[in-house]
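Report on the structure given below.
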Protein chains: 2
Amino acid sequence: MNNAAGDSPEWSELDPKISALVREIIARIADKWTLLIIEALHEYPDARFNQLQRMVEGISQKVLTQSLRQLESDGLIQRTAYAETPPRVEYKLTPLGESLGEAFCGVWIWAERHWEEIEASLAAFAAKKMLKEKS
Amino acid sequence: MNNAAGDSPEWSELDPKISALVREIIARIADKWTLLIIEALHEYPDARFNQLQRMVEGISQKVLTQSLRQLESDGLIQRTAYAETPPRVEYKLTPLGESLGEAFCGVWIWAERHWEEIEASLAAFAAKKMLKEKS
DNA sequence: TGCGTTACGCACCTGTTGGTAAGTATGAAC
DNA sequence: GTTCATACTTACCAACAGGTGCGTAACGCA
């Protein structure tokens, strides 16, 4: 009665088991690199490994591999390897991954819209801290 | 012409300086604890320190303090200390923080709606891996 | 006088994350 | 037969995140 389909869109109290699950999922996808990879794949579908590494600036090969495996096992991206030489592997978002990308789109827009406020706040906070330490 | 106000809602190419800034902001807010704190404060405004620690299950005192400081310096929460005994400190989301909470709401809903698919995908992936290792 | 409460700060230590660098498999080209 | 490219995997190591425990300030109460 409580765990199966209830597709209620309201954000009400849901039972703690599911809540914990959701938290775990959030914790798994909410890291810097994962988000950037999803965004890169959202903009450039069917990207290859080295392309991704170039797009997600600063990521190391190892972390990219790890993140891609994680995303794959979560069902967010699809990995397609072609038995050619040199080998070719293409990654693309699954429909599930696409839907997550769209959900995150709001956050990207938020960041784009509010970065100036954040910068200002950071500066103000640093100034206040300096003042406090002086005294 | 390019960096100031252009409030274009389209998701077009924006100049790399801002893009990097946005990435940095995303990297700063996109971690497990920060998100959970924002959600807790979204649901229970004016929460106190120990209340938050109880709500965000599993967080340590140190990390909660650190995260709150970070959120405060980013201008996402407001800290109000009352000079009483025992001391009382209340935290609430600023309008900026509220807007971020709303932007993230989509992700929460997404997670709530799709956790079953993710679980299924994880299980399938593990099974496939087992199969591979057996051979 | 000593205990309790709240909201921390600080020091220490460990576990995980992440970077670097090297090795591997494949087949085609030279 | 050596080289080259791709897409990894593995080993090693450093850095940092995070947990634990102790200290603190302020006052109220017994």
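Labels below follow one simple rule: chain letters A, B, ... track the order of the sequence lines, proteins then strands, and each chain is numbered from 1. Keep in mind that what you see is a predicted model, and the values were worked out from it rather than measured. In what follows, every heavy atom counts, from backbone to side chain, and hydrogens, waters and symmetry copies are set aside.
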TODO: Would you mind reading off the distance between A:Ile77 atom CD1 and D:dA7 atom P, rounded to a whole angstrom?
DONE: 13 Å
Open item on the list: It should be established whether A:Tyr91 places a side-chain nitrogen or oxygen under 4.0 Å from OP1 or OP2 of nucleotide D:dC8.
Closed with: yes
Task: Selection: residues 46-71 of chain A, any non-hydrogen atom under 4.0 Å of DNA chain D - done: A:Arg48, A:Phe49, A:Asn50, A:Gln61, A:Lys62, A:Thr65, A:Arg69
Open item on the list: I'd like to know if A:Glu90 pairs up with A:Lys92 as an ion pair, taking the criterion as any Lys NZ or Arg NE/NH1/NH2 lying under 4.0 Å from an Asp or Glu carboxylate oxygen.
Closed with: no
Open item on the list: Please determine whether residues A:Leu68 and B:Leu122 belong to a single hydrophobic cluster, defined as Ile, Leu, Val, Met, Phe, Trp and Tyr linked transitively by side-chain heavy-atom distances below 4.5 Å.
Closed with: yes
Open item on the list: How many whole angstroms separate atom OH of B:Tyr82 from atom C1' of D:dC27?
Closed with: 19 Å
TODO: Would you indicate whether the side-chain heavy atoms of A:Tyr91 and A:Asp46 approach each other to under 4.5 Å?
DONE: no
- [ ] May I ask you to decide if the ring planes of B:Phe104 and A:Phe104 are parallel, tilted or perpendicular, using 30° and 60° as cut-offs?
- [x] perpendicular
- [ ] Compare all side-chain heavy atoms of B:Ile26 with those of A:Val107 and state whether any distance is below 4.5 angstrom.
- [x] yes
Task: Among D:dC27, D:dT6, C:dT6, the nucleotide that comes nearest once only the side chain of B:Thr85 is considered - done: D:dC27
Task: A:Trp33, nearest nucleotide to its side chain (from C:dG19, D:dA5, D:dC8) - done: C:dG19
Task: Value in whole Å for how far the C1' atom of D:dC8 lies from CD of A:Glu90 - done: 16 Å
Open item on the list: Nearest whole Å is fine: how far is D:dA26 P from B:Arg88 CZ?
Closed with: 19 Å
Open item on the list: Rounded to whole Å, please give me the gap between CD in A:Glu84 and P in D:dC8.
Closed with: 14 Å
In a table with atom names and distances, give each donor-acceptor pair under 3.5 Å that connects a side chain of residues 94-102 of chain B to protein atoms at least two apart or in another chain.
unit_1, atom_1, unit_2, atom_2, d
B:Thr94, OG1, B:Gly75, O, 2.7
B:Thr94, OG1, B:Leu76, O, 3.1
B:Thr94, OG1, B:Leu96, N, 3.4
B:Thr94, OG1, B:Gly97, N, 3.1
B:Glu98, OE1, B:His42, ND1, 3.0
B:Ser99, OG, A:Trp110, NE1, 2.7
B:Ser99, OG, B:Leu96, O, 2.6

